[in-house]
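Notes follow once the structure below has been shown.
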Amino acid sequence: MSSQDSLSLQSTFTLLFFSFTFLFSIFSFLVYISRIKPWCNCNTCKAYLSMTWSQNFVNLCDYYTHLLRTSPTGTIHVHVLDNIITANPENVEYILKTNFNNYPKGKQFSAILGDLLGRGIFNVDGDSWKFQRKMASLELGSVAIRSYAMELVTEEIKARLIPLVASKTGEKDDGFMDMQDILRRFSFDNICKFSFGLDPCCLVPSLPLPVSKLADAFDLSSKLSAERAMNASPLIWKMKRFFNVGSEKKLKEAIEVVNDMAKEMIKQKREIETGVDSRKDLLSRFMASLNSNEDQYLKDIVVSFLLAGRDTVASALTGFFMLLSNNPDVEKKIRVELDRIMNPVQEVVTFEQTREMHYLNGAIYESMRLFPPVQFDSKFALEDDVLPDGTFVKKGSRVTYHPYAMGRMENIWGSDFMEFKPERWLREGVFVPKCPFKYPVFQAGGRVCLGKELAIVEMKAVVAALVKRFDVRVVGPNQEPRFEPGLTATFRGGLPVKFYERT
């Protein structure tokens with residue numbers, strides 16, 4: 001056979017392969033369409049497909065909240081997405097605890113975040129999840145790791161956060177700063193130092209603020225990964241990924257940056273001979289428990305912790321400062337508590353002092369009730385089931401509980417459910433937590449957040465340092481925030497604020 005005939009045969013085979021792939025994709029898409037019945041004529045599905053909900057609601061989460069409030073059971077079914085969404089605490093307890101084994105993350109969810117998180121703790125079930133959770137529980141619960149985390153937070157507040165804010169106060173500057181951006185930079189520095197032993201220097205007090213290739217790539221990866229879940233069919237993003245076009249091409253490039261940085265840090269750690277006593281960051285501690293040929297698995301684990309420790313803390317604090325700016329009475333009570341506990345010249349609270357701050361604790365929990373960092377979380381049913389409110393769940397269906405909507409339900413929080421009221425968390429001045437299935441901001445049951453206490457301490461430290469010394473005031477009209485698509489709640493356009501030094 002001549003080389004020309006061979007080339008012709010190869011071209012024919014390539015054409016046949018791509019034709020078969022394309023036709024198979026079309027066939028699969030049609031099968032999927034016939035299964036989900038997008039021609040469903042119920043008002044919910046029509047509003048979702050036509051986007052008419054946006055005429056009355058600025059965010060999809062607000063539209064779902066409206067539907068869940070008006071549902072007799074606190075549960076709705078978006079048929080075109082094959083998604084059952086609930087704000088019923090009994091259902092949440094059943095999904096997260098009572099029948100936990102029937103509601104794993106599922107292969108569907110793992111596929112959506114698989115390119116970014118791989119086999120990390122937030123994207124797996126079974127033995128892999130149990131191993132990582134056991135390891136994380138041992139590490140995050142240790143006194144040494146908590147002390148180390150507090151050291152990092154204290155250093156970042158003293159050396160970067162306070163100097164930056166002080167340089168932008170009052171008459172010194174007529175402009176404003178994006179509080180959300182500041183908080184994301186702060187938390188990214190902290191979680192990178194905590195997880196990798198790497199300092200990206202995102203909050204170095206200079207103007208303009210530094211650009212971090214890793215932070216930008218991580219933001220883009222999170223955003224585009226989350227947008228996959230918004231497609232009516234997973235085949236849409238899978239075909240774009242196959243042909244490496246559009247958002248999937250951008251996602252691939254961003255994830256490569258994240259992975260390359262993580263792999264380089266692991267490589268550097270492997271090359272450094274260190275004693276057990278010097279293993280402080282999370283990467284070093286996990287590395288000690290894994291073989292040298294498991295670096296890909298190690299990378300997945302650390303990227304997952306990067307996601308958990310960066311975006312959630314920044315999102316929670318952004319919502320907090322927006323609410324505080326509009327509630328001066330709450331701000332005043334926080335300051336009374338800070339003045340009672342902290343030394344007059346003290347810049348940053350100690351770990352022990354944070355335990356005494358019951359009112360601030362209530363204020364932080366209350367802000368996350370109204371603006372939870374993770375607005376919803378989904379599982380996939382392994383087998384047919386019936387939820388406590390009588391809702392039938394078909395095998396393979398997506399089941400979503402909605403903390404954002406649950407924080408805005410009158411039947412859970414009373415007639416003052418839209419008020420920012422830290423007192424609802426206090427009993428005789430002492431903080432008392434609520435039922436986690438009514439307030440699943442940190443999840444609940446088997447997958448309850450292991451970094452909860454570290455996150456709360458970090459938030460208290462930031463709030464105490466800023467509120468004690470500065471007035472933080474949101475700039476512009478008082479409007480409901482619009483959220484960007486993402487794995488965590490992100491305010492579109494950020495949160496513009498001005499800082500005023502207290503006298």
Side-chain angles (χ1 to χ4, degrees), residues 120-122 132-133 136-157 161 179-180 182-196 203 218 222 281-282 302-321 323-324 348-355 357-358 360-375 377 403-404 407 422 425 431 433-434 436 439-444 447-467 486-490:
I121 189 170
F122 303 116
Q132 292 180 59
R133 186 168 178 83
S137 179
L138 290 172
E139 297 298 343
L140 296 179
S142 71
V143 175
I145 203 73
R146 291 189 179 192
S147 298
Y148 178 59
M150 193 63 187
E151 286 175 17
L152 296 177
V153 170
T154 300
E155 179 187 8
E156 188 78 8
I157 290 174
L161 182 61
M179 191 65 173
Q180 179 172 255
I182 292 173
L183 293 168
R184 286 165 74 85
R185 289 170 178 274
F186 174 87
S187 56
F188 196 69
D189 278 357
N190 275 314
I191 196 61
C192 282
K193 286 187 283 187
F194 180 69
S195 298
F196 291 107
L203 199 65
F218 196 80
S222 300
D281 61 85
L282 212 57
V302 176
V303 170
S304 292
F305 278 94
L306 199 62
L307 173 68
R310 188 273 177 113
D311 289 353
T312 52
V313 169
S315 175
L317 284 171
T318 302
F320 177 89
F321 280 106
L323 289 166
L324 196 68
V348 185
V349 297
T350 64
F351 181 78
E352 291 73 21
Q353 286 174 330
T354 62
R355 295 180 174 180
M357 296 177 174
H358 295 282
L360 177 54
N361 206 31
I364 289 173
Y365 270 76
E366 179 72 348
S367 69
M368 289 192 291
R369 177 180 70 84
L370 293 169
F371 293 107
V374 180
Q375 295 179 335
D377 187 33
Y404 181 90
W425 294 87
F431 176 82
K434 305 291 184 182
Y439 182 83
V441 169
F442 294 99
Q443 291 211 48
R447 281 187 178 262
V448 67
C449 177
L450 293 172
K452 170 183 172 181
E453 297 304 324
L454 288 177
I456 293 294
V457 168
E458 181 177 344
M459 285 189 275
K460 284 181 180 179
V462 171
V463 173
L466 293 183
V467 172
L487 300 176
T488 54
T490 302

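In this chain, numbering begins with 1 at the start of the sequence shown.
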If you measure from [atom1] on [X] to [atom2] on [Y], what distance do you get to the nearest 0.5 Å?
{"X": "Leu317", "Y": "Gln180", "atom1": "CG", "atom2": "CD", "result": "11.0 Å"}
{"X": "Phe431", "Y": "Leu360", "atom1": "CZ", "atom2": "CG", "result": "10.5 Å"}
{"X": "Leu454", "Y": "Asn190", "atom1": "CG", "atom2": "CG", "result": "11.0 Å"}
{"X": "Ile364", "Y": "Leu324", "atom1": "CD1", "atom2": "CG", "result": "10.5 Å"}
{"X": "Glu458", "Y": "Ile191", "atom1": "CD", "atom2": "CD1", "result": "7.5 Å"}

Side-chain heavy-atom pair [X], [Y] within 4.5 angstrom cut-off:
{"X": "Met459", "Y": "Val313", "value": "yes"}
{"X": "Phe188", "Y": "Leu203", "value": "no"}
{"X": "Phe320", "Y": "Val462", "value": "no"}
{"X": "Trp425", "Y": "Asn361", "value": "no"}
{"X": "Met368", "Y": "Pro403", "value": "no"}
{"X": "Leu487", "Y": "Val374", "value": "no"}
{"X": "Ser222", "Y": "Leu307", "value": "yes"}
{"X": "Met150", "Y": "Val349", "value": "yes"}

If you compare all heavy atoms of [X] against all heavy atoms of [Y], which two are closest, and at what distance to 0.1 Å?
{"X": "Arg369", "Y": "Glu366", "result": "NH2-OE2, 2.8 Å"}
{"X": "Leu370", "Y": "Tyr404", "result": "O-CE1, 3.7 Å"}
{"X": "Tyr148", "Y": "Lys193", "result": "OH-O, 3.5 Å"}
{"X": "Pro372", "Y": "Ala489", "result": "O-CB, 3.8 Å"}

>> Checking Leu161 against Leu466 for the side chain to side chain contact (heavy atoms under 4.5 Å, CB included) test, could you report, in this order, the C-alpha distance in whole Å, the side-chain angles of both residues, the deciding distance, and whether it holds?
In response: CA-CA 9 Å; Leu161 182 61; Leu466 293 183; 4.2 Å; yes
>> Pair Phe194, Val153 - check side chain to side chain contact (heavy atoms under 4.5 Å, CB included), show working.
In response: CA-CA 10 Å; Phe194 180 69; Val153 170; over 6 Å; no
>> Walk me through whether Asp311 and Ser315 qualify under side chain to side chain contact (heavy atoms under 4.5 Å, CB included).
In response: CA-CA 6 Å; Asp311 289 353; Ser315 175; 5.9 Å; no
> Does Ser187 reach the main-chain N or O of Arg184 with its side chain, forming a donor-acceptor pair under 3.5 Å?
Replying inline: yes
> Is a side-chain donor or acceptor of Lys434 paired with a backbone partner of Tyr439 at a separation under 3.5 angstrom?
Replying inline: no
> Less than 4.0 Å between a side-chain N and a carboxylate O, is that true for Glu453 and Arg146?
Replying inline: no
